[in-house]
K.L.:
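First the structure, then my questions, so here it is.
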Amino acid sequence: MSVKVNRRKFLKMLGWGGAGTALTGCDLPTTVTLEEGKEEVVSYLMPEEYAIPGIGVWYASTCTQCEAGCGLHGRVREGRVLKVEGNPDSPVNHGKSCMMGQSTVQAHYNPDRITSPMMRKGSTLQAVSWDEAMSALTSKIGPDSGVKGDRVGMVTGTVSGHQAVIIDELLAQVGSKNHYVHEVINTSVWSSVCRDMLGDEMPKLNFDKAGVILSFGADFLGTWISPVHNMGEYAKFRKGARGSLIQVEPKMTLTGGNADLWVPAKPGTEGALALGIANFILERGWNAVDVPSSVGKSLSQYTLTAVEKVTGVPVSKIKRIASMLTERGPSLVIAGASTENHENGYDAVASVMLLNLVMGNIGKTIEASAKFPEKALRAKQGNTKDLLLLAKALKDNKLDVLFTYNTNPAFTAPAVLQVSESLSGVGFKVAFSMFPDETTLQADLVLPIHSGMEDWGTHVPAYQPDTSSVLSLQQPLMEPIHKETRGFGDIMLSLLKLRNKDFGKFADYYSYLQTAVANMPADVTSNVEGASKDIWTNMLQKGIVKAKVSTNDLSPKLVDMKFKVKQDNSGYPMHLVPSARLGLWDGRHANIPWLQEFPDQIAKVVWGSWAELHPKKAAELGVKNGDYVRVTSASGSIETQVYIHKGIHPDAVSVPLGQGHDEFGRYAKGRGVNPLKILNPLMERRTGELATHATRVKVTNAHRHEKLVHLGGSESQVGRKFVKTISVDQLRRTEGEA
Amino acid sequence: MSQVIEDKVIDEKLEWSRINADVIASMQAPRKAYWVTVFVCLTMFLCAIAAEIYQYKMGLGSAGLNNPHMWDMYIATFVFWIGMSHAGTLLSAILHIIHAQWRKPIYRFAEAMTTFSLMTAGFFPMIHLGRVWNLYWVLPYVSDRGIWPNFRSPLVWDAFAISTYLSSSALFLFIGMIPDMAILRDHTTGWRKKLYGILCLGWRGDDRQWRNFRRTYMLLACFLIPLAISVHSIVSSDFAMSIMPGWHVTTFPPYFVAGALYSGCAAIMTLFVCLRYFFRMEEYMTLNIMEKTCKLTFAIAMVWTYLNLIEFSSTWYGHNIYDKEVLIAKATGPYAAVFWTMIFCGCVVPFTLCFQKLRRHMPSMFVVSILLNLGMYVERWMIVAPTLAQAHSPHQWDVLWGSVIQWAIVFGSFGWFGLLFLVFVKLFPCVSMYEVKELCFHLKHEIEEEEKAKKHATTKAAGKAEEGSGRTAPGTPGLEGA
Amino acid sequence: MSRHRLLAMFKDFDDAFDVVDKIKAKEVSGVEVDDINMMSPIEHPNVDEKLGKRPINIAYFTLAGAIFGVTFGFFFLSSAQASFLVQPQGGKPVVPLPTNFVLMYEMLIFFAVWTTVICFIFLSGLGQKRGTLYSEKLTVDEIGIVVEIDDSELDSVKNFFKNNKALEIREEKV
Amino acid sequence: MSFKNILENFSYYRRDAEDGGHHDYDHRFGMTIDLDICTGCNSCSTACYAENNLAVVGKERFEKGQAMHWMRVERYWDNIEGDYAEEGAKFLPMLCQNCGAATCEPVCPVAATYHTPDGLNAQVYNRCIGSRYCSNNCPFRVRYFNFWSYYEDSWPEPLNMQLNPDLTVRDKGVMEKCTFCVQRIRTAKDKAQREERVMADGDVVTACAQACPTGAIVFGDTMDPGSRVSKLWEKHQIHRGPFLQKKDKTNEEIRGYRIFDELSVDPSIMYLERVRDTEV
């Protein structure tokens with residue numbers, strides 16, 4: 001048609017000016033030198049030589065934002081990394097990424113990064129040169145410093161791969177066993193139960209194979225084990241036969257928000273509920289595997305009515321859950337934070353695991369995981385037991401030298417443990433850190449390290465989601481933005497060189513890695529996919545190597561269960577739920593503007609803390625959204641705004657983790673409150689973990705109001721068809737089974 | 001219409017020379033209150049300037065606007081001023097065509113009001129723009145890139161309509177003033193003489209000029225009436241053309257026009273009282289005229305009320321849930337207080353105009369007219385805000401009360417208008433001298449007629465006939481129509 | 001032969017009209033009704049009856065202006081739209097007549113009004129200098145009659161005015 | 001501006017959406033969002049921020065309602081009988097629906113928002129004068145206005161190094177909104193052009209669709225019958241066109257729907273209803 005308008009015509013008309021969106025991202029001038037109207041268009045559009053829009057190149061690396069170890073692809077243009085996306089080759093996340101992964105770039109470009117070494121002179125930290133820093137380091141912990149043995153400690157977050165190796169190496173050289181691996185968001189109770197009952201501390205969970213998932217507070221879509229992977233599996237689970245998800249927890253997590261049935265059990269009684277269900281199943285003889293009578297006997301006390309009394313979950317519902325597990329099987333029963341982190345958390349999780357055994361899920365939906373062949377590279381998973389140990393060691397003044405890396409105990413430790421106070425007792429504190437967080441600023445020597453996108457490293461996910469085990473490579477996506485930062489590995493190497501000449505031959509961590517990877521055991525190197533290339537090139541390109549490993553089946557052990565609910569007689573009627581969320585995580589991402597600006601998935605609050613309350617409780621207290629309440633425990637109190645919704649148990653008050661930093665840069669500092677601070681120092685009896693969900697509190701109206709800054713005007717659709725919900729049978733009617 | 005009055009529109013025995021003298025005097029020595037008002041207006045205006053500078057620098061966030069509330073008081077005020085502009089020209093033109101003689105002493109300042117409120121209104125679309133400096137992109141000029149404005153957009157219609165209306169009503173005002181300019185040229189001295197000498201374009205008052213003058217004036221009047229109506233209909237289509245609940249209303253054009261006339265009349269009453277006081281115009285702006293204005297206002301108020309009812313009921317019985325929600329929200333939601341204020345001021349207060357005692361009591365008329373104006377302003381805001389506060393997407397519901405900046409600019413607009421107006425009445429006669437003379441002349445004539453002629457009825461009939469023909473065949477004047 | 005222009009001032013319309021009638025009745029030679037040019041502070045409604053019909057042509061120009069406005073409007077808008085094809089929006093056609101009608105209507109009035117005013121200025125001979133004969137009383141309350149006559153009739157006409165209560169007579173050479 | 005043009009093509013210029021409209025589309029990009037597997041995790045939103053240089057506005061401005069999230073995940077609680085939200089929350093990723101008969105387009109005084117031959121509802125920043133009429137006329141309220149010069153404090157050094165050079169950073173007074181990652185579409189087109197082939201399904205993936213961990217978001221060309229999107233639209237009986245759509249009797253209840261279809265705006269995004277197991 002003579003007057004057909006196309007992009008070129010339009011551009012001719014609007015020119016570069018009009019190109020606002022119409023042209024953004026034309027990536028080569030060839031695309032605008034056109035048949036018709038060439039001159040005009042070119043005259044408008046042909047940019048200067050230097051301004052020819054470049055092409056993004058993608059490099060593979062590994063995400064360091066949490067412990068899941070997702071593979072990343074980073075888009076690099078003009079020497080800058082612009083955006084990260086999931087690495088399709090990684091079996092962990094299959095090319096997907098979560099909000100924290102996407103935000104890696106903002107951690108990397110963060111304006112508050114530490115840009116030069118700092119040393120404590122008098123009371124203040126002052127910038128020094130690397131030489132000065134290193135000499136100080138040498139004098140303090142070098143071979144002739146006399147520092148030896150257990151008076152040296154190292155506290156880190158979850159570490160794996162060759163970072164773990166060199167940390168071990170250094171501590172071995174020094175002769176210390178004090179490697180505290182600390183994570184607030186952990187699954188250590190779950191792991192120990194799995195170890196004891198299945199013989200595999202991180203079994204492979206097949207969400208996709210399950211017909212119904214019963215989750216006791218395991219926020220597997222948000223914070224549990226490997227969220228991105230789980231979400232992918234969850235999608236498969238929902239599609240096709242469409243399994244049903246039942247979530248039992250005191251406070252609605254992201255997973256709870258997606259549940260078909262969300263059951264608020266009285267906090268700390270989940271174990272009883274699990275046993276009640278198990279008992280009912282046994283009574284009905286629905287159990288898939290035979291259960292020794294002893295077990296049956298001890299279960300029999302958990303009658304429906306008794307369980308209802310304890311948990312507050314109506315009998316009818318318990319029955320329904322039980323029948324669902326049977327009818328819709330194979331089922332998968334898991335337990336997470338709000339179940340684990342009580343004084344009897346182990347028993348609770350064990351009771352939950354019992355359900356799996358009874359329903360015969362072992363081998364179907366729960367399988368042995370593919371452990372990485374080389375033990376030394378496997379992940380050292382963080383927990384809170386080590387936090388308690390560290391606190392004790394500090395109190396008793398057992399440490400002269402303390403290294404901190406990738407963790408922030410001064411922030412995450414409950415106030416009563418007085419970690420930050422007793423830190424001052426340590427003679428020499430060295431912090432490997434990117435950011436001026438609470439712990440770092442207490443150090444005597446601060447060593448600025450590369451960001452996850454500038455540094456080399458290898459990661460072995462603690463949770464191996466595949467039949468073959470994966471090792472994921474973290475390679476720099478760009479030159480360091482700050483001249484004065486160094487790689488963690490590099491610094492460790494130079495420390496090692498002081499004591500062990502063998503490391504002399506490595507110029508830097510890069511060369512170390514290269515050799516180390518090449519020299520990995522045969523069962524890794526021999527099974528590299530794309531065998532044509534050597535393992536290292538393969539890793540550089542794909543970002544991962546997979547090691548085929550033979551897994552032996554799980555060995556389920558049925559032991560008889562006891563679960564006692566602790567009776568509370570203190571003056572603290574409510575349960576504090578320090579809930580974690582995908583985003584700020586345990587607070588390590590509070591300095592990332594994006595993650596501050598993105599609303600919490602459930603409460604939709606931004607840039608601050610809040611306390612979630614049930615409408616009933618709110619009515620009792622006479623508070624409405626935005627009013628301030630004071631949450632008081634035996635060990636302290638915090639004051640924050642309330643958000644009221646029906647996704648929480650009336651006896652629970654939930655304050656999310658992540659906020660309440662005293663330091664940690666412009667975006668985090670002085671924002672909100674930190675629920676961890678008011679936790680009582682209660683221990684899980686069997687594992688010695690910190691029972692983060694066991695603290696009892698009382699909530700009082702602070703008689704102060706501020707507008708609650710959250711997303712969304714009306715909480716209801718007011719009859720519009722925005723999100724319409726249909727029943728499963730309608731789905732089956734219209735779309736069939738698969 | 002002026003048959004049933006017990007006192008005259010104006011005392012026909014006024015000496016013509018006195019008319020000149022009084023009006024000219026008024027332009028030279030107003031009361032002190034005049035200067036006070038000028039000062040007040042000036043300060044308000046300056047505040048607005050400051051606010052606008054800040055907003056220009058910072059962006060519209062400073063006006064407190066947000067996602068659902070992309071428009072707020074700026075547009076409401078814009079509509080208000082446009083509405084205000086209607087009484088002047090429209091009334092003057094209509095009354096001129098139907099030969100309502102009593103318009104003559106007051107139409108001048110009414111028309112001035114039109115022009116100035118238009119000049120005020122014109123600012124608001126600019127102020128509310130995100131990038132004022134590109135304002136001219138709305139104009140259909142030939143650009144080397146072949147870009148044109150989007151002629152579908154009611155905002156572009158506004159640009160056309162307002163510029164047409166502004167120029168036309170300004171011309172109407174000016175043409176009407178030419179003979180008075182001549183008078184002033186002859187009877188003032190110094191710079192004023194020079195000024196008026198230029199402005200009267202050499203008016204001599206010979207019959208040829210008068211003849212063409214009359215025809216021109218009539219023609220303009222004929223054009224202005226449909227124009228005025230179209231202008232406010234177009235402004236209403238800013239809302240009516242959208243799909244927003246509470247805006248997408250078929251009856252909006254007439255509703256807006258009625259509202260416009262309403263607020264215009266109210267404004268005329270206010271200014272009437274002020275001028276009458278400031279310039280000691282008791283003899284010209286007589287209570288009789290006030291009464292007539294009041295009656296007119298009352299009539300229009302009732303029309304407006306009726307249209308309100310239509311709108312509400314059609315929404316209520318219609319099937320559009322969104323519209324219904326907005327309506328209910330208006331009456332019961334966070335804006336309820338404002339809404340009921342509007343109903344009270346717009347529908348209840350006008351009933352005070354039924355009492356002659358009040359109509360003839362200037363201070364109370366002042367208060368009443370202010371209340372009416374308030375009601376009409378609030379009406380405009382009640383059109384803009386509640387819809388934005390509660391449109392289709394509940395997720396974006398939000399209630400907004402404008403920021404200080406916004407309020408400052410809105411108030412400032414009143415200052416600016418006042419300033420323009422006060423300067424005008426100081427420079428130009430706010431009472432049309434030559435037409436007051438005509439008025440007296442005709443009244444006298446009429447009375448003589450009545451005295452001498454006992455065949456009253458027949459002349460009346462003839463007069464009617466003549467009046468009737470008066471429109472089609474100019475030259476035969478319709479003085480008996482008075 | 002040279003001519004004179006006379007301005008006679010009268011107290012009010014009645015006196016002025018008497019004079020006009022007399023002139024009609026040929027009571028004085030050398031003056032025709034059609035030459036009479038009457039100046040007044042207001043327009044007397046019956047002036048046409050007295051002086052006879054005189055042409056007013058403004059309306060024609062107005063009409064022309066209006067017609068121009070509307071046609072120009074249509075072609076301007078639609079051709080602009082037809083040359084700016086990115087405009088079809090919201091599923092609307094390139095040349096949406098209803099919306100264009102609105103603008104055409106505005107343009108009609110715009111051009112009509114302006115032509116009217118401009119033509120008024122010319123047709124009513126504003127700004128043209130026609131003799132210095134003028135009295136400021138004309139803008140107060142007196143009526144003036146201007147006639148142009150040959151010098152020969154000058155005196156007779158003057159007397160004629162004097163006898164018919166002219167308050168004042170001014171004259172100038174043409 | 002030639003008469004010839006008008007006279008020749010007048011009838012053509014009078015075509016509106018009912019008879020195919022004026023555009024001869026090359027593509028009509030569209031999207032499908034499955035609310036059953038959307039977990040409301042915000043990944044899409046984050047990816048969008050990263051890809052499109054969206055400003056972080058901070059607490060105060062967020063409170064004022066001036067945030068710039070092109071892709072926002074709405075969360076609804078409703079019809080909760082009883083004490084607990086037993087069916088969980090309702091999540092809805094809401095972004096510009098790139099309507100075929102967009103209500104924002106006709107009202108823009110300067111034609112800054114227009115329909116591209118790709119079926120996109122484009123916003124030309126440089127042409128925008130900020131009358132904000134478009135946003136007022138958008139039933140979804142997904143257009144975001146630069147109320148401030150956000151760039152001044154959104155990207156303190158060196159955060160600005162992350163900005164995507166493929167598109168602009170907007171200054172105050174300009175309206176902006178989701179563009180279906182037009183820069184990615186453009187890149188893919190150019191790539192296809194260089195490789196002398198037509199664009200295939202999957203050549204373009206918007207940032208949100210790429211990031212979505214559950215793959216709830218599917219993006220593609222609804223005009224290409226082979227694409228995943230059009231297959232889904234076909235399956236769910238959603239068709240292009242600004243008119244309220246009836247599903248055929250055989251399968252009336254199938255999940256697909258377009259929000260505000262009754263307003264005849266022809267949204268380019270089909271949502272699939274959320275499913276809950278009521279037997280539980």
Side-chain angles (χ1 to χ4, degrees), chain B residues 56-71 75 125-126 128-139 142 146-159 238-239 241-245 247-248 320 322 384 387-388 391-398 400 403, chain D residues 1 57 60-69 72 74-76 78 92 94 103-114 124-150 152 171-175 259-260 262-265:
Chain B
Y56 183 94
K57 218 177 144 300
M58 298 303 292
L60 276 158
S62 53
L65 303 174
N66 66 11
N67 183 333
H69 287 275
M70 287 291 178
W71 293 352
I75 295 300
M126 308 184 196
H128 104 120
L129 277 193
R131 305 204 298 171
V132 196
W133 49 93
N134 293 333
L135 179 70
Y136 63 97
W137 287 352
V138 179
L139 306 177
V142 183
I147 309 176
W148 293 94
N150 173 14
F151 296 111
R152 283 171 205 71
S153 168
L155 290 181
V156 173
W157 306 353
D158 280 349
D238 281 354
F239 303 98
M241 290 285 164
S242 81
I243 64 163
M244 289 294 113
W247 285 5
H248 188 54
N320 187 331
Y322 307 121
V384 177
T387 289
L388 295 176
H392 296 91
S393 165
H395 186 269
Q396 293 302 95
W397 284 1
D398 181 34
L400 182 84
S403 76
Chain D
M1 298 257 334
V57 302
E60 291 67 25
R61 289 168 181 181
F62 201 107
E63 176 178 3
K64 286 211 190 85
Q66 298 166 339
M68 304 298 283
H69 33 57
R72 61 170 190 251
E74 305 180 351
R75 189 266 297 106
Y76 294 107
D78 41 10
L92 176 76
M94 176 52 78
T103 48
C104 52
E105 287 167 355
V107 296
C108 174
V110 291
T113 172
Y114 74 104
V124 186
Y125 303 134
N126 306 46
R127 177 67 176 169
C128 178
I129 61 171
S131 77
R132 310 192 296 295
Y133 200 164
C134 51
S135 172
N136 273 354
N137 210 22
C138 170
F140 306 90
R141 282 280 184 268
V142 285
R143 297 178 140 264
Y144 300 91
F145 186 69
N146 286 270
F147 286 107
W148 311 87
S149 292
Y150 290 108
E152 282 168 359
D171 195 356
K172 68 166 183 280
V174 177
M175 189 62 73
I259 294 175
F260 289 139
E262 68 270 26
L263 298 178
S264 298
V265 290

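Just so it is clear: chains get the letters A, B, ... in the order the sequence lines come, proteins before strands, and each one is counted from 1. For the numbers below, each heavy atom of this structure counts, side chains included, while hydrogens, waters and symmetry mates do not.
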K.L.:
What's the spacing between B:Ser62 OG and D:Phe147 CZ if we round to 0.5 Å?
P.N.:
10.5 Å
K.L.:
Specify the closest pair of heavy atoms between B:Asn150 and D:Ala111, including all atoms of both residues, with the distance to one decimal.
P.N.:
CB-N, 3.8 Å
K.L.:
Chain B heavy atoms under 4.5 Å from D:Arg143: which part of the residue, side chain, backbone, both or neither?
P.N.:
backbone
K.L.:
Where on B:Phe151 is there a heavy atom nearer than 4.5 Å to chain D: the side chain, the backbone, both, or neither?
P.N.:
neither
K.L.:
So does D:Cys128 get a backbone contact from the side chain of B:Arg131, meaning a donor-acceptor N/O pair under 3.5 Å?
P.N.:
yes
K.L.:
Output the option from D:Glu152, D:Lys64, D:Arg75 having the highest count of non-hydrogen pairs under 4.5 Å with chain B.
P.N.:
D:Lys64
K.L.:
Pick whichever of B:Asp398, B:Leu388, B:Val156 has the most heavy-atom pairs under 4.5 Å with chain D.
P.N.:
B:Leu388
K.L.:
Looking only at heavy atoms, which two atoms of B:Val138 and D:Ile129 are closest? And how far apart?
P.N.:
CG2-CD1, 3.6 Å
K.L.:
What distance separates D:Tyr144 OH from B:Asn67 CG, expressed to the nearest 0.5 Å?
P.N.:
6.0 Å
K.L.:
What are the two closest heavy atoms between B:Ala391 and D:Arg141, and how far apart are they?
P.N.:
CB-NH2, 4.2 Å
K.L.:
Heavy-atom distance under 4.5 Å to chain B: side chain of D:Ser131, backbone, both or neither?
P.N.:
both
K.L.:
Report the relative orientation of the aromatic rings in B:Trp71 and D:Tyr133; use parallel for angles under 30°, tilted for 30 to 60°, perpendicular for over 60°.
P.N.:
tilted
K.L.:
Under 4.5 Å heavy-atom distance to chain D, tell me which part of B:Tyr56 shows up: side chain, backbone, both or neither.
P.N.:
backbone
K.L.:
Compare every heavy atom of D:Leu263 with every heavy atom of B:Ile243, then report the nearest pair and how far apart it is.
P.N.:
CD1-CD1, 4.1 Å
K.L.:
Check each atom of D:Met175 against the heavy atoms of chain B and say whether the ones under 4.5 Å are side chain, backbone, both or neither.
P.N.:
side chain
K.L.:
Rounded to the nearest 0.5 Å, how far does CG of B:Leu65 lie from CZ of D:Arg132?
P.N.:
5.5 Å
K.L.:
Under a 4.5 Å heavy-atom cutoff, which of D:Arg72, D:Met94, D:Arg61 has the most pairs with chain B?
P.N.:
D:Arg72
K.L.:
Most heavy-atom pairs under 4.5 angstrom with chain D, which of B:His69, B:Met244, B:His248?
P.N.:
B:Met244
K.L.:
I'd like to verify something: which residue of B:Gln396, B:His392, B:His395 has the highest number of heavy-atom pairs under 4.5 Å with chain D?
P.N.:
B:His395
K.L.:
B:Ser393 and D:Glu74: which non-hydrogen atoms are nearest, and at how many Å?
P.N.:
OG-OE2, 4.4 Å
K.L.:
For chain D, find which of B:Ile75, B:Asp238, B:Leu135 contributes the most heavy-atom pairs closer than 4.5 angstrom.
P.N.:
B:Asp238
K.L.:
Is B:Trp247 close to chain D through its backbone or its side chain, or both, or neither, when contacts mean heavy atoms under 4.5 Å?
P.N.:
side chain
K.L.:
Check each atom of B:Thr387 against the heavy atoms of chain D and say whether the ones under 4.5 Å are side chain, backbone, both or neither.
P.N.:
neither
K.L.:
Of the listed residues (D:Val110, D:Leu92, D:Asn137), which shares the most heavy-atom pairs with chain B below a 4.5 Å separation?
P.N.:
D:Asn137
